[in-house]
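Input: a single structure, listed below in structure tokens.
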There are 4 protein chains.
Amino acid sequence: MQTRSPAGRAGRPRSAAADAAILAATREALVELGWSKLTLGDVATRAGVAKTTLYRRWAGKNELVVDAVAELFDELELPDRGSLAADIEGVVLQFAAILALPEAKSGLMAVVAEATRDEALRERIRASVVDRQKRLVLEGRARAQARGELPPEPDPRSAARTVDLIFDMVAGAVVHRTLVSAEPADEEWVRGFTRVLLQGLGT
Amino acid sequence: MQTRSPAGRAGRPRSAAADAAILAATREALVELGWSKLTLGDVATRAGVAKTTLYRRWAGKNELVVDAVAELFDELELPDRGSLAADIEGVVLQFAAILALPEAKSGLMAVVAEATRDEALRERIRASVVDRQKRLVLEGRARAQARGELPPEPDPRSAARTVDLIFDMVAGAVVHRTLVSAEPADEEWVRGFTRVLLQGLGT
Amino acid sequence: MQTRSPAGRAGRPRSAAADAAILAATREALVELGWSKLTLGDVATRAGVAKTTLYRRWAGKNELVVDAVAELFDELELPDRGSLAADIEGVVLQFAAILALPEAKSGLMAVVAEATRDEALRERIRASVVDRQKRLVLEGRARAQARGELPPEPDPRSAARTVDLIFDMVAGAVVHRTLVSAEPADEEWVRGFTRVLLQGLGT
Amino acid sequence: MQTRSPAGRAGRPRSAAADAAILAATREALVELGWSKLTLGDVATRAGVAKTTLYRRWAGKNELVVDAVAELFDELELPDRGSLAADIEGVVLQFAAILALPEAKSGLMAVVAEATRDEALRERIRASVVDRQKRLVLEGRARAQARGELPPEPDPRSAARTVDLIFDMVAGAVVHRTLVSAEPADEEWVRGFTRVLLQGLGT
DNA sequence: CACTAAGCGAGACGGTACGTCTAGTCTTGGC
DNA sequence: GCCAAGACTAGACGTACCGTCTCGCTTAGTG
């Protein structure tokens, strides 16, 4: 995440504790204030750190929040519930639970909005959040194929396209349900959604 | 001491032209600057209007941008292409085209992000954007039922649930594809998505 | 100051009343808010008059306040207490009492300050306030000469110079005592001041 | 995380140059614009300083102008011209010369006007301007006593009262002559005034 | 084991935008 | 035609953050 001194460079090393304190303070501030009222000065104060220290490590609010939010999604896991449908339902519910957290809601959409005009930020989001969770789709398909619920993919190109489509559909639907429609993505809704998705994919 | 206004009639009326100029200037500024660098002072200047005039009509940046962006979606129409699949593909492509506009991209996600902490704003978005476009789903279903592609809905409650689910899935997938995955929602993608959706819905 | 309503036509009943109401409202606002926080909009509201009406009659805050304050000084009178010293003490005490009013304090010095850069305003102050009260000095001298306390003035030019000097010394000392030193110009102080003044003038 | 600051030592120190630049810019702006059109933003720009820097050091326009004007009076000196009358004439002429400066005229009366409603400001004026110049009266009396022109003061209480009275009379008369009557306090006038004053004081 | 380069907390700095306020003008409709 | 009501342009207000820049100090590694 940060440069570990590129070799045996001289000088005082950066405090590792500071990084963690800053990211935690960022999430705390997101909960209390939301994206637009979050200020880096306030984050620094909460973390017990000077503003300079914060700017030495992150270029700005956007990058900081991406990192703070990305950590939240790392705890997602594909549960083994015995069937593809049940596995999907499980992971979608986990995803919905994270999105229901105020620190995720407030921060995620805001950085996505910023990313519409900032290629580097878009890349950072993709690397820190999107691609890291696409593994779940891949694992799910592999497990379903092992179970015989899905046939092996003959064409790797179209296989990748399908992964992207599924990811857009799952993440998009949950996000839209949660943030725009502002209705909970609860078990009943997830069941209905999963049914449509799997039937649509031809299983 | 003259007339006591019979019912809010007295005084110079608000300029109707100003409203249109302000919303147009807002979209122009969104294109050039994006959400985060858009300032109300700049919008006022572009619109040839004083800042006070702007604040007299809108409470802040959020409300202004919701109105400015909402107008973009009013041009959506359900085309009659002869089949349900073709109709959906048509309207989804229109939706994707609007979302590809920088003024929509920049503004929409940002206000959604703000809305996570602002119930009134969420309601405004729902009223100005979401509910106004839900008509497309309803029209599409009615037309498909007239054509005999879909059976009439027996239970109105579950019918409403299905409309909501479809809306979340369509809007969510297109938004996620466009803004998060940052890939174009082109004809090929729309065809694939529509196939999965319709097959999932059991038609 | 304003036109009287021509009797035959459908009426303008408020013209004359408005002037008085506005000047009274101005003094009231001076008391409550002081010069710097007094606004013409507020004065208009207090007077039950539209801002337009106010601007039709006065060019701005300065002119309005000069007129409002000038009225206060019109009640000054030279009392006949039997001796020059007693007459002076009496009128100086009256002057001090007016200057102790918040509406006079706040307004007078402020317009004098403005007048340092505005010849027309300076002239208006001179006409409305200074010259109108210089009569007191003239009357006092005439009365003292009638009493034989002062010799008749041989040279009218030097007589005018003396009047001006006395006026500057009296008004200046009372104003400075009241506003800058912020001590009351009470009977004891006035007695001391008058003694020095008269002795200085060689009586 | 690091050093506990020993006692208000930490942080970047305030720029000493900024203070001088701001006060000079204030006087410059007073000359060009006068009190009422002077804006703190403009002063900051002239001083090559950010508005925040200005507000960090002064509470507002009033306090700033008091300090800016007070410096003007610091150059007053009691000249030694050999006699009490000549000394007084000398210092009054100096005082009149300063009051003739547009930056003094514009600013001084305005802050005095403001001070009528602001005890703290009145105190600041007294401390920065009035009391600092009262020394001139004290020095003048001491010198005159040394010369034998004045008897030693037996009662310190009445001595203080006399100093205050003299100060009010001198400052008041010059200010009134200069700002209200708007006539120059030239040598001739000063000579006449001084004669009356000294004769009044019984010398 | 002293040097020294980078890190650190604190807080002042030049900027920019905020949302509010007031000035002075203009535009309605009612009397 | 004059009035009250109130919208209009213009621009200053004082505040809040931004991201940068001193300060005086701390802290490892290396020389």
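Small disclaimer: the values here were computed from a predicted structure and weren't measured. Throughout, a chain's letter reflects where its sequence line sits, starting with A, and its residues are numbered from 1.
Of the side-chain N and O atoms in Thr52(A), none sit less than 4.0 angstrom from OP1 or OP2 of dA10(E). Taking side-chain N and O atoms only, Arg57(A) has a distance below 4.0 Å to OP1 or OP2 of dC8(E). Between dC2(F) and Arg56(C), no contact under 4.0 Å exists linking OP1 or OP2 to a side-chain N or O.
Atoms OH (Tyr55(B)) and C1' (dT20(E)) sit 9 Å apart, rounded to a whole Å. The CD1 atom of Ile22(B) sits 14 Å away from the P atom of dA7(F) (whole-angstrom rounding). One interatomic measurement links the two molecules: CG of Leu40(B) to P of dT16(E), which rounds to 18 Å at whole-angstrom precision. Between the CH2 atom of Trp58(D) and the C1' atom of dC13(F) there is a distance of 19 Å, rounded to whole Å. What separates CG of Leu38(C) from P of dC21(E) is a distance of 17 Å, to the nearest Å. Look at NZ on Lys37(C): it is 14 Å from P on dA23(E), rounded to the nearest Å. Atoms CG (Asp42(D)) and C1' (dA12(F)) sit 11 Å apart, rounded to a whole Å. Remark: P of dC17(F) and CG of Leu54(A) are 15 Å apart, rounded to the nearest angstrom.
Comparing dT9(F), dA4(F), dG14(E) against the side chain of Ala50(C) picks out dA4(F) as the nearest. Distance from the side chain of Ser15(D) is smallest to dC13(E) among dA10(F), dC13(E), dA23(E). Checking dG14(E), dT9(F), dC18(E) against every side-chain atom of Thr39(B), the shortest atom distance belongs to dC18(E).
Under 4.0 Å is where a charged nitrogen must lie from a carboxylate oxygen, and between Asp67(B) and Arg124(B) at least one such pair does.
Residues Ala59(A) and Val49(B) both approach DNA chain F. Their nearest nucleotides, taken by heavy-atom distance, put Val49(B) toward the 5′ side. For the pair Lys61(D) and Arg14(B), both in contact range of DNA chain F, the more 5′-proximal nearest nucleotide belongs to Arg14(B).
Using a 4.5 Å heavy-atom cutoff, the side chains of Asn62(B) and Trp35(B) are in contact. Counting heavy atoms from C-beta outward, Val129(D) and Val69(D) have side chains that stay 4.5 Å or more apart. Counting only heavy atoms from C-beta outward, the side chains of Thr53(C) and Arg57(C) approach each other to under 4.5 Å.
Between the side chain of Lys51(B) and the base of dG11(F), no donor-acceptor pair under 3.5 Å is found. On a pure distance criterion of 3.5 Å, no polar donor-acceptor pair joins the side chain of Arg12(D) and the base of dC13(E).
Residue Gly60(D) is out of contact with every strand shown, counting any heavy-atom pair closer than 4.0 Å.
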Report, one line per pair, each donor and acceptor closer than 3.5 Å where one atom sits in a side chain of residues 21-34 of chain A; sequence neighbours left out.
unit_1, atom_1, unit_2, atom_2, d
Thr26(A), OG1, Ile22(A), O, 2.7
Arg27(A), NH1, Ala68(A), O, 2.8
Arg27(A), NH1, Glu71(A), OE1, 2.8
Arg27(A), NH2, Glu71(A), OE1, 3.2
Glu28(A), OE2, Arg46(A), NH1, 2.6
Glu32(A), OE1, Arg46(A), NH1, 3.4
Glu32(A), OE1, Arg46(A), NH2, 3.0
Glu32(A), OE2, Arg46(A), NH1, 3.2

